[in-house]
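Quick caveat: nothing in here was measured; it's all calculated off a predicted structure.
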Amino acid sequence: MSPETVEKSRPDAPEQFFEAEAAGLRWLGDATASGGARVVAVVEVAPGRIVLERVGGGRPSGDAARAFGAALAVTHAAGAAAFGAPPDGWDGPLYIGKRPLPSAEEASWGRFYARDRIQPYLDSAVDAGGVAASQLPVISAAVDRISSGELDDGEPPARIHGDLWNGNLLWDARGGILIDPAAHGGHRETDLAMLALFGAPHLDEITAGYAAAAPLRAGWRDRIPLHQLHPLAVHAASYGPSYGDALADAARATLALPAGLTG
């Protein structure tokens, strides 16, 4: 193994697990030459393994965070064929972490987000005990509201990372670099909300850089819980009731939002 590469392998990897990761990285990376966010390079991929460039260590500065935010806006603007669309040229499965991630060809963000990003993991969370029966009505009400399209805002599908928590944003001497995507066509606010979920260094600088490059619609901070419903449902399915509590809180905040085009 070269000191300039790192290998990930899983003998029990699901079908095309690492191939899906490679497809997402390459799709996101297609925007880099136009000023989009940097993405870790795929050196080799095969069933059960992937070899990536090694990212040197570094600590972000405010300037680097602002530059990353502006670059992420360019990546998002590269777009996608539809909400839920997989990376261009990829017709295999998608994953978020170890869990399957449904793909779609949906014109309505709300229908896609409710059906394919919340409901499957909510069902699993209920089965696993991560969501209590008493929490289910408010969460289901939020899912129904989203599915109705009431919170749609007319934005086109963005090319999103899809699992952009702090651990999937590395830093080196040149700035931020993306790893481990669950890339698909989604809403651009989702990536920003996922950065906020577990905290990211210089998050205010990231969002300031983003907003300077691509202004966000009024009220976007109020909509952070809406866009956190998906990762919270995923975590409630895997890590237990504390995430079910957070999911119910996010659902209440979602029900309190004004309608999309007037918010």
Side-chain angles (χ1 to χ4, degrees), residues 1-11 13 16-78 86-88 90 94-99 101 158-184 186 188 190-210 213 231 234-235:
M1 177 66 61
S2 165
E4 296 181 353
T5 62
V6 60
E7 178 177 331
K8 299 192 299 182
S9 62
R10 281 186 59 191
Q16 296 184 288
F17 181 79
F18 289 113
E19 294 88 338
E21 178 181 345
L25 288 168
R26 288 167 176 153
W27 188 52
L28 295 172
D30 286 345
T32 305
S34 300
R38 292 168 56 216
V39 177
V40 68
V42 178
V43 177
E44 182 183 348
V45 64
R49 64 187 290 269
I50 190 170
V51 180
L52 304 167
E53 70 167 316
R54 186 179 297 275
V55 178
R59 297 180 65 84
S61 65
D63 287 345
R66 283 191 295 274
F68 169 75
L72 182 63
V74 174
T75 299
H76 288 167
D88 292 347
W90 178 250
L94 300 177
Y95 298 93
I96 182 163
K98 299 177 181 179
R99 290 183 175 271
L101 185 74
R159 184 170 305 195
I160 70 169
H161 180 284
D163 193 14
L164 191 51
W165 68 287
N166 181 39
N168 286 339
L169 172 58
L170 304 184
W171 301 89
D172 65 10
R174 295 170 54 200
I177 186 166
L178 300 174
I179 65 169
D180 290 349
H184 62 275
R188 63 194 183 117
T190 298
D191 272 349
L192 297 175
M194 292 185 83
L195 280 172
L197 183 58
F198 297 110
H202 298 289
L203 179 60
D204 287 345
E205 300 294 344
I206 292 173
T207 54
Y210 189 104
V234 172
H235 278 72

Value rounded to 0.5 Å, distance of [atom1] in [X] from [atom2] in [Y]:
X    : Y    : atom1 : atom2 : answer
L197 : H235 : CG    : NE2   : 7.0 Å
L72  : T207 : CG    : OG1   : 11.0 Å
L25  : D180 : CG    : CG    : 7.5 Å
Y210 : T75  : OH    : OG1   : 9.0 Å
D172 : E53  : CG    : CD    : 8.0 Å
L101 : H184 : CG    : NE2   : 6.0 Å

Answer yes or no: is there a donor N or O on one side and an acceptor on the other, between the side chain of [X] and the main chain of [Y], under 3.5 Å?
X    : Y    : answer
R159 : W27  : yes
T32  : A37  : yes
N166 : L195 : no
D191 : H161 : yes
H202 : P60  : yes
E44  : V51  : no

Close side-chain approach of L164 and L178, heavy atoms under 4.5 Å | yes
Do P87 and L28 have side chains that get closer than 4.5 Å, going by heavy atoms?
-> no
Classify the angle between the aromatic ring planes of F198 and W165 as parallel (below 30°), tilted (30 to 60°) or perpendicular (above 60°).
-> perpendicular
[X] and [Y]: which non-hydrogen atoms are nearest, and at how many Å?
X    : Y    : answer
G24  : P181 : C-CG, 3.9 Å
V40  : I177 : N-CG1, 3.6 Å
V74  : G36  : CG1-N, 3.5 Å
Y95  : A182 : O-CB, 3.3 Å
G162 : I96  : O-CD1, 3.9 Å
F17  : K98  : CE1-CA, 4.2 Å

May I ask you to decide whether R66 forms a salt bridge with E205, counting only side-chain N to carboxylate O separations under 4.0 Å?
-> yes
Verdict with reasoning, I206 to L169, per side-chain contact (heavy atoms from CB on, under 4.5 Å) | CA-CA 12 Å; I206 292 173; L169 172 58; 4.3 Å; yes
Keeping to residues at least two apart or across chains, list the salt bridge (charged side-chain N to carboxylate O under 4.0 Å, His left out) pairs with something in residues 19-37.
-> K8-E21
Got more than 12 heavy atoms from elsewhere within 6.0 Å of CZ, R10?
-> yes
